[in-house]
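The model shown is predicted, which means the values in this text are computed figures rather than measured ones. FYI, side chains are in, hydrogens and waters are out, and symmetry mates aren't considered; it's all heavy atoms of this structure. Every chain is numbered from 1 and lettered A, B, ... according to where its sequence line falls, protein lines coming before strand lines.
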Number of protein chains: 2
Amino acid sequence: MTDTAGRSAAAASDRAYRRMVDDIESRIAAGDLRPGDRLPSERELVEHYGIARSSVREALRVLESLELVRSAPRDPRGPLVLPITSAPIRRSLGLLTASRTIVLPELVQLRMVIDASTNLIAARRRTPAHLVALERNMARMRGLLHRSYAEFSLADLEFHEIIADAAGHELVRLYGEAVREAVLDLIQRTILDADDQEAHKLRSIRHHSAVFDAISDGDGPAASRLARESLYQYYADHVDPEDREIMAELVRECGGRVDG
Amino acid sequence: MTDTAGRSAAAASDRAYRRMVDDIESRIAAGDLRPGDRLPSERELVEHYGIARSSVREALRVLESLELVRSAPRDPRGPLVLPITSAPIRRSLGLLTASRTIVLPELVQLRMVIDASTNLIAARRRTPAHLVALERNMARMRGLLHRSYAEFSLADLEFHEIIADAAGHELVRLYGEAVREAVLDLIQRTILDADDQEAHKLRSIRHHSAVFDAISDGDGPAASRLARESLYQYYADHVDPEDREIMAELVRECGGRVDG
DNA sequence: GTCGGGTGCTGGTCTGACCAGCGAGCGGCT
DNA sequence: AGCCGCTCGCTGGTCAGACCAGCACCCGAC
């Protein structure tokens, strides 16, 4: 009886757990299930889908790995439907960089164009509140100048997050987060020279200040150019000539200057 | 006995299946496990990790959803380690667009900068073979002019894939694929007017021809500009004025013109 | 009225079973 | 001796049932 059900289900729609994953996934995509909603408990899902609890659990593990839901032990309300975030994208990207499928020049080049357009858009859309947040972040970074590079980098990332927030551009934000995070990962694993780090920090602070001015003035093109120029300055020495020339072209493309 | 082991394991590293997922994941990231390698069979993994088969299976389902491994029924060689691809990123992005978390203007704006830089890089790196492939694709698209829009779009996508290939930039290729695919999804669901479609097709062909010339000449900036200009032409009418102005700025940023 | 314990729910884990299907090895038949 | 066919053992897929820890509720005792 149950066997027959299992067989035919497998035949009809591949794996048993797949049926449930696909169903939940499409219901989330369709907006039928919204963040904050609750799925039925595992034992209720067993009844609903007519599959065994182990299959339900496999489905839940998959949905969890996609960051679509989260189960909490002993929560009578059932698995929670999560807001869709960049987390799975960042995770995949992290794997790509960790496995050296993606290397520094590619990351930096992509970051040049993404950061640039983020700045461009943020210059149009930023509110006074964003400017305040940026100023506060800059003050914080000045205070962290002599702390660890990791700590400083975190604040650096935050600066860009605020800009991404100001741009109000969800997709660019997600991609930007992922790329910046990956760049940082790679840099921290490869560039360790203490003097370099100090120079990086100082340049970061100067750069952020310039970007702030441009965004504050509503000068998008300038903010965009600054992003490309400074990324060139930071990383040009760490890539081979071929990639360096591409980076230079990306700078020139928007009217920027490459002075080494 | 086994209970104690299970408990302590859970306490030591959260979920039992997590231990296995993290281990396999890091071994793939480290290059310890390479594409084409085989994992031990489920029952061997049970012994190796000291967890129950159900937990092993949960771990395998997660690893499968990340496209890191694939299990085949009745395969005595065990789960296959896959090459790392963009598939999970595209899947996540597809969900973001399907759930309307990401909307057309954002996609198009991101595509403008990604396609542009792809073209820029491809103009430097393309080989004669790429040019041949592009010409062949253009011929095919001319032949598809009066076929379905879906069919035409597929060839359109292929044109960009060839360019991404020529750019030899894996990350840009992945992101570009994901974004272009998502744009197409959205467009096919929203823009249905037959005359529009015909106009789109003709413009696509003209545009591809111009891009081909630029890439063939090695004129990266021109190829980049063309990408932004044509995306503006295609989609400017389908977004609100605010987003249209941002698109216009993205075009002007690289010296392009907005006349449409 | 308050406090205590039972009771029932949750998710997390384990065990043991069965199925279909493939392949290897062994036995019987020619 | 050589070939054919069956059986057995392996695989992954699925299911059923059990136990645990911990939380929350309810009900009864004080």
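Rounded to an integer number of Å, the gap from CG of A:Leu80 to P of C:dT10 is 17 Å. One can place CD of B:Glu64 at 10 Å from C1' of D:dG12, the figure rounded to the nearest angstrom. D:dG12 atom P lies 19 Å from atom CZ of A:Arg18, rounded to whole Å. Taking atom CD1 of residue A:Ile51 and atom P of nucleotide D:dG17, one finds them 16 Å apart after rounding to whole Å. Spacing between atom CD of A:Glu58 and atom P of C:dG12 amounts to 14 Å, rounded to whole angstrom units. Look at CD on B:Glu47: it is 14 Å from P on C:dC14, rounded to the nearest Å. Rounded to an integer number of Å, the gap from CZ of A:Arg70 to C1' of C:dT10 is 16 Å. We find that CG of B:Leu60 is positioned 15 Å from C1' of D:dT14, with the value rounded to whole Å.
Here the side chain of A:Ser153 pairs no donor or acceptor atom with the backbone of A:Asp156 at under 3.5 angstrom.
B:Arg61 comes within contact range of the sugar-phosphate backbone alone, with a heavy-atom separation under 4.0 Å but no base atom that close. Contacts of B:Ser55 with the nucleic acid, taken as non-hydrogen atoms under 4.0 Å apart, involve only primed sugar atoms and P, OP1 or OP2.
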Between the protein and nucleotides 25-27 of chain D, list every N/O to N/O distance that falls short of 3.5 Å.
none

Produce the list of close N/O pairs, under 3.5 Å, pairing protein atoms with atoms of nucleotides 21-26 of chain C; give distances to one decimal.
residue	atom	partner	partner atom	Å
C:dG21	O4'	B:Arg74	NE	3.4

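For A:Tyr17, the listed nucleotide lying nearest its side chain is D:dT14; candidates were C:dC14, D:dT14, D:dC15. Distances from the side chain of B:Ser71 to the nucleotides C:dG12, D:dG12, D:dT14 place D:dG12 closest. For A:Pro79, whose side chain is taken as the heavy atoms from C-beta onward, the closest listed nucleotide among C:dG11, C:dG12, D:dG13 is C:dG11.
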Practice task
Please test B:Arg180 against B:Asp115 for salt bridge (Lys or Arg N to Asp or Glu O under 4.0 Å), starting from the C-alpha separation and ending with a verdict.
Solution key: CA-CA 9 Å; B:Arg180 282 189 293 270; B:Asp115 275 13; 2.8 Å; yes

I'd like a table of donor-acceptor pairs (distance under 3.5 Å, sequence neighbours excluded) in which one partner is a side-chain atom from residues 48-56 of chain A, with atom names and distances.
residue	atom	partner	partner atom	Å
A:Tyr49	OH	A:Asp23	OD2	2.5
A:Arg53	NE	A:Glu42	OE1	2.9
A:Arg53	NH2	A:Glu42	OE1	3.0

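We find the NE2-CG distance between B:His238 and B:Leu104 to be 8.0 Å, quoted to the nearest 0.5 Å. Atom-to-atom distance recorded for B:Ile114:CD1 and B:Asn119:CG is 12.0 Å, nearest 0.5 angstrom. Atoms CG and CG, from B:Leu39 and B:Leu80 in turn, are 9.5 Å apart once rounded to the nearest 0.5 Å.
Counting only N and O atoms by type, the side chains of B:Thr85 and B:Glu67 include no donor and acceptor under 3.5 Å apart.
Salt bridge annotation for A:Glu58-A:Arg61: absent, with no cationic side-chain nitrogen under 4.0 angstrom from a carboxylate oxygen.
Within residues 34-44 of chain B, the residues approaching DNA chain D are B:Ser41, B:Glu42, B:Arg43, by heavy-atom distance under 4.0 Å.
In this view, B:Thr127 and B:His130 satisfy the side chain to side chain donor-acceptor pair (under 3.5 Å) rule, not counting sequence neighbours. For B:His160, the ring-ring contact (aromatic ring centres under 6.0 Å, His included) partners at least two apart in sequence or on another chain are B:His208.
Looking only at side-chain heavy atoms (C-beta outward), A:Asn137 and A:Leu134 stay at 4.5 Å or farther from each other. Looking at heavy atoms from C-beta onward, B:Leu68 lies out of side-chain contact with B:Val81 at the 4.5 angstrom threshold.
Taking side-chain N and O atoms only, A:Arg53 has no distance below 4.0 Å to OP1 or OP2 of D:dA16. Dashed line: the shortest gap from a side-chain N or O of B:Arg77 to OP1 or OP2 of D:dT11 is not under 4.0 Å.
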